Amino acid sequence: MSTFRTPLGGRIDRDKPVSFSFDGKPLSGFAGDTLASALIASGTHLVGRSFKYHRPRGILTAGSEEPNALVGVGRDETRYTPNLRATQVELYEGLKAESQNRWPSLEWDVGEVNDALGRFFAAGFYYKTFMWPRAAWDKLYEPIIRKAAGLGRVARAPDADRYAQRYAHCDVLVVGAGPAGLAAALAAAEQGKRVILCDEQAELGGSLLHENAAVIDGMAADEWLAESLRELSGRGNVTLLPRTTAFGFYPHNFVGLNERVSDHLANPTPNQPRERLWQVRAGQVIFATGSIERPLTFPENDRPGIMMAEAARLYLNRYGAIPGETATVFAANDSAYRAAWDLKQAGVEIAAVADLRVNPTGPWVERIRAAGIPVYAETAIVGTRGRLRLGSAILGRVGWRSGETVPCDTLIMSAGFTPTVSLFSQTRGKLKWSEALGAYLPAHSVEGESSVGACRGTFGLAAALAEGWAAGGGTGREFSVEADPVGEDGFRGATPHRRKPSSVKAFVDFQNDVTSKDIKLATQEGFHSIEHVKRYTTTGMATDQGRLSNINALAIVADELKRPEPAIGLTTFRPPYTPTTFGSFAGQSRGSLFDPVRHTPIHDWAAEHGAVFEDVGIWKRAHYFPHAGEDMHAAVARECRAVRSKVGLFDASTLGKIEVVGPDAAEFVNRMYTNPFAKLATGQLRYGVMLREDGFVMDDGVIARMAEDRFHVTTTTGGAPRVLHVMEDYLQTEWPDLDVWLTSITEQWATIAVQGPDARKVLEPLVEGIDISLAAMPHMSWREGKVAGIPARLWRVSFTGELGFEINVPAGYGRVVWEAVHAAGEPFGITPYGTETMHVLRAEKGYIIVGQETDGTAVPDDVNLGWAVAKKKEDFVGMRSLMRPALQATDRKQLVGLVTDDPKVVLEEGAQLVEHAGDPAAPARIPALGHVTSSYPSASMGRSIALALVKGGRARLGQRLDVPMPSGRIGVTIVDPVFYDAANERLNV
């Protein structure tokens with residue numbers, strides 16, 4: 001057995017040995033170990049290299065705040081995860097872990113040269129170094145920075161694991177299953193409340209898991225814990241969630257939990273997710289998140305073998321792992337003495353105790369003295385020695401340059417405890433400074449939450465239990481507790497010494513290699529706000545978000561500026577509480593589910609006939625149908641000619657469709673759209689424009705009145721969800737008096753557009769029960785009947801400028817009807833066409849596409865839709881905004897057409913327009929007058945055409961403008977935006 005493993009004790013299962021490897025070296029531990037405890041028990045203390053200086057680093061803590069022991073873990077590359085904290089990785093058979101940020105090996109790291117050059121890498125050095133020479137950025141600085149950035153490596157294969165998500169509601173959510181959290185859960189459960197109790201550790205119990213002396217209600221702490229968990233697990237109204245981190249608090253008591261479901265299993269079953277994201281809405285949230293032991297900031301305080309005192313005690317009592325053979329203690333708090341006593345009982349030699357306090361007293365101090373261990377009051381550690389492991393500590397009176405050198409392989413330290421207020425801060429709650437504790441505590445709450453126990457500054461076991469019980473709503477119970485008290489003294493800031501500052505590295509933030517010298521430099525350079533100091537030095541930007549470093553950093557800044565700590569403030573804690581996997585947030589949204597792809601009922605037919613598809617929103621739409629040897633331009637030109645001369649077939653199923661039903665349906669539609677709809681007759685269609693409240697165009701579409709109380713509203717393909725959301729918002733918040741309900745029917749209907757001079761000839765033999773003659777069914781009307789034997793709603797509408805019909809049939813019959821129309825159209829040369837042809841045809845007619853001709857700042861009149869704005873309506877969304885003088889100015893950007901001097905030149909969409917200069921080589925004058933919104937080669941016009949938004953455009957018809965491009969200016973002339981059939985004669989046939 002390893003000399004660093006106790007023969008008995010702990011919560012590990014010694015009957016279940018577990019084999020694992022670290023950097024390829026085979027090691028062993030026991031079931032119940034963490035990777036950190038197993039490494040300590042195997043005598044492995046060097047676990048990584050620091051970020052900037054590549055200094056050797058060991059295990060510092062035992063929790064999620066661990067800054068040093070970050071490792072890569074994975075069964076294989078498909079399940080490899082970098083930057084996991086070894087303190088939270090549970091051991092399982094065959095686990096493979098590797099250290100990070102080193103090359104070629106952990107023991108011999110080339111990057112360690114940075115430590116010797118540390119004087120050149122002071123805080124903010126990159127701001128000053130990489131400014132010159134300017135040409136070196138691309139070829140020297142950036143490649144080096146990119147190579148050095150980060151700690152771990154990215155997995156070389158896609159993640160093979162599955163991640164689940166679920167929603168939950170409860171009356172009480174308790175975060176933290178230590179003594180205070182358990183008491184709160186017990187109290188709430190007794191009252192019949194639905195309780196969720198979560199804790200980030202593998203076992204529930206918090207500090208009770210390594211408490212070996214306290215007695216609660218006549219039972220040893222571990223017995224009381226087991227009894228409490230039995231009681232909670234036996235209740236149907238309680239959900240216990242170990243291995244679950246509350247990572248984020250959001251408005252109205254909405255809390256995100258990340259449960260690690262199978263990371264601890266050697267062979268998880270295929271149906272098990274790796275993690276589960278819980279999204280919990282709680283009536284009450286109780287924070288019992290405990291506290292974090294604060295490190296001391298002294299010279300060379302980062303060597304492997306230097307550890308927090310409570311962490312050393314935890315590894316010993318919970319895992320039976322002994323951190324070393326000879327230990328020195330550096331204390332500003334009784335906790336270090338308690339840990340020293342437990343280590344001594346396990347056979348660890350305690351060489352000496354250096355205590356910053358002038359006259360340390362108390363039962364734990366006296367116990368150590370009685371054991372013959374030298375205790376040096378008003379003494380500091382002023383330096384350490386050792387390379388890959390601590391070899392000795394140098395003790396000196398406070399303020400001394402040097403002193404007695406004490407050989408040791410372990411140093412445990414404690415500067416007191418900092419309440420964990422991260423989640424409370426996420427609630428927007430206000431904090432207050434406690435001078436007695438030297439830390440911030442929860443003060444004013446904003447949400448329905450409360451804090452209990454150590455996270456509230458209550459460190460006594462009896463007081464924490466009572467506080468948790470009361471927060472859970474419990475009454476009439478008193479906890480009997482027997483425990484030796486631990487004083488609440490502490491220290492913050494950098495410990496005093498007189499060593500040469502330039503030669504000393506006393507680390508405040510271990511993960512980012514930020515020293516006390518860096519923080520002092522930041523204040524000297526004018527950074528007095530703690531948020532600015534944070535960004536300049538990167539202190540507190542590590543994965544623990546400053547939970548280890550914040551208080552010490554604040555104290556150093558306060559001392560430098562001669563101001564009290566509360567005046568310095570505190571940096572902001574943001575979710576997630578600890579790093580959380582992207583997989584947990586993504587859940588099932590991976591691969592095709594990450595960006596869901598929707599197919600129309602005609603999609604497979606289009607694919608079979610060689611269509612090239614494009615993404616439009618979340619839809620796959622046929623872009624064009626190339627014949628052999630055709631590129632896109634040739635195919636589109638052919639499709640355009642077919643629609644203009646014969647007949648074309650287009651899949652318009654992706655248009656958004658919303659059914660508006662109810663006695664007040666007409667009034668609702670009338671208020672939502674600029675056009676008048678109250679008197680629209682059944683059987684008629686009307687083009688509608690929808691505005692935002694600020695008067696700018698949001699969407700458009702054709703609307704059919706199906707009955708007195710029913711409308712079929714169409715929207716743009718990409719705008720359907722947004723339009724439905726806006727409608728629902730107005731209906732529920734502005735006009736709740738209207739008796740209307742809304743239903744998305746986009747996927748219930750397939751829409752097939754038949755466009756072209758021969759459209760009526762193609763449809764006549766297929767249509768039953770509908771007279772589709774011009775007299776019986778004029779443009780912008782609809783009728784109900786059958787097409788190809790299928791019940792259909794036939795619309796007489798066109799987005800091409802040609803005679804057009806749109807067939808709406810139930811989606812399940814979409815392909816059947818499409819194929820019937822295609823077969824009927826073959827004698828007429830029917831041609832399927834895609835979205836690119838549709839764009840060209842509509843541009844030839846000057847029809848807009850919302851989001852292309854509009855940019856979020858266009859009102860209807862800007863895009864020649866002033867005719868669609870009712871003049872006599874009492875009100876509609878955006879009506880009052882249109883009255884603003886700025887939106888009625890005559891020099892606003894207006895939609896116009898453009899033709900290039902060279903008809904073969906096709907302008908780039910988005911290109912800017914400037915005044916004509918005459919000289920093509922002349923530099924562009926500013927400001928720009930507008931931009932090109934659409935541009936295409938037009939087979940119908942025999943030249944290129946374009947639409948553009950131009951300042952005062954309608955008054956500029958006939959004027960010349962220039963389009964500045966890298967190759968020179970392109971001359972254009974402003975023309976009417978309707979290039980084709982301005983009289984609309986081809987529609988009305």
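Owing to the predicted nature of the structure, the values given are computational and were not obtained by experimental measurement.
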Charged N to carboxylate O under 4.0 angstrom, Arg49 versus Asp513?
-> no
State whether Asp334 and Arg357 are salt-bridged, where the test is any N-O pair (Lys NZ or Arg NE/NH1/NH2 against Asp/Glu carboxylate O) under 4.0 Å.
-> yes
Rounded to the nearest 0.5 Å, the CG atom of Asp544 sits from the CD1 atom of Ile292 at a distance of 7.0 Å
Thinking salt bridges, do Glu435 and Arg492 make one under a 4.0 Å N-O criterion?
-> yes
Carboxylate-amine/guanidinium proximity below 4.0 Å for Glu200 and Arg243 = no
Pairing of Asp484 and Arg338 as salt bridge, 4.0 angstrom limit | no
Ionic contact status for Arg385 with Glu300, cut-off 4.0 Å = yes
Mark yes or no for whether Thr379, through its side chain, and Ala354, through its backbone, hold a donor-acceptor pair below 3.5 Å.
-> no
Between Glu211 and Arg318, is the closest basic N to carboxylate O distance under 4.0 Å?
-> no
Ring centres of Phe527 and Tyr536 under 6.0 Å apart?
-> yes
Is it true that Arg55 and Glu112 have a side-chain N and a carboxylate O under 4.0 angstrom from each other?
-> no
Please name all residues satisfying ring pair (Phe, Tyr, Trp, His ring centres under 6.0 Å) with Phe459, sequence neighbours left out, ordered by chain then number.
-> none
Would you check, one step at a time, whether the test side chain to side chain donor-acceptor pair (under 3.5 Å) holds for Ser99 with Arg102?
-> CA-CA 8 Å; Ser99 56; Arg102 79 289 185 276; 2.5 Å; yes
Cation-pi geometry met for Lys505 and Tyr53 (6.0 Å, 45°) = yes
Is the shortest distance from a Lys or Arg side-chain nitrogen in Arg294 or Glu310 to a carboxylate oxygen in the other one below 4.0 Å?
-> no
Is the His45 to Phe4 ring centre distance short of 6.0 Å?
-> yes
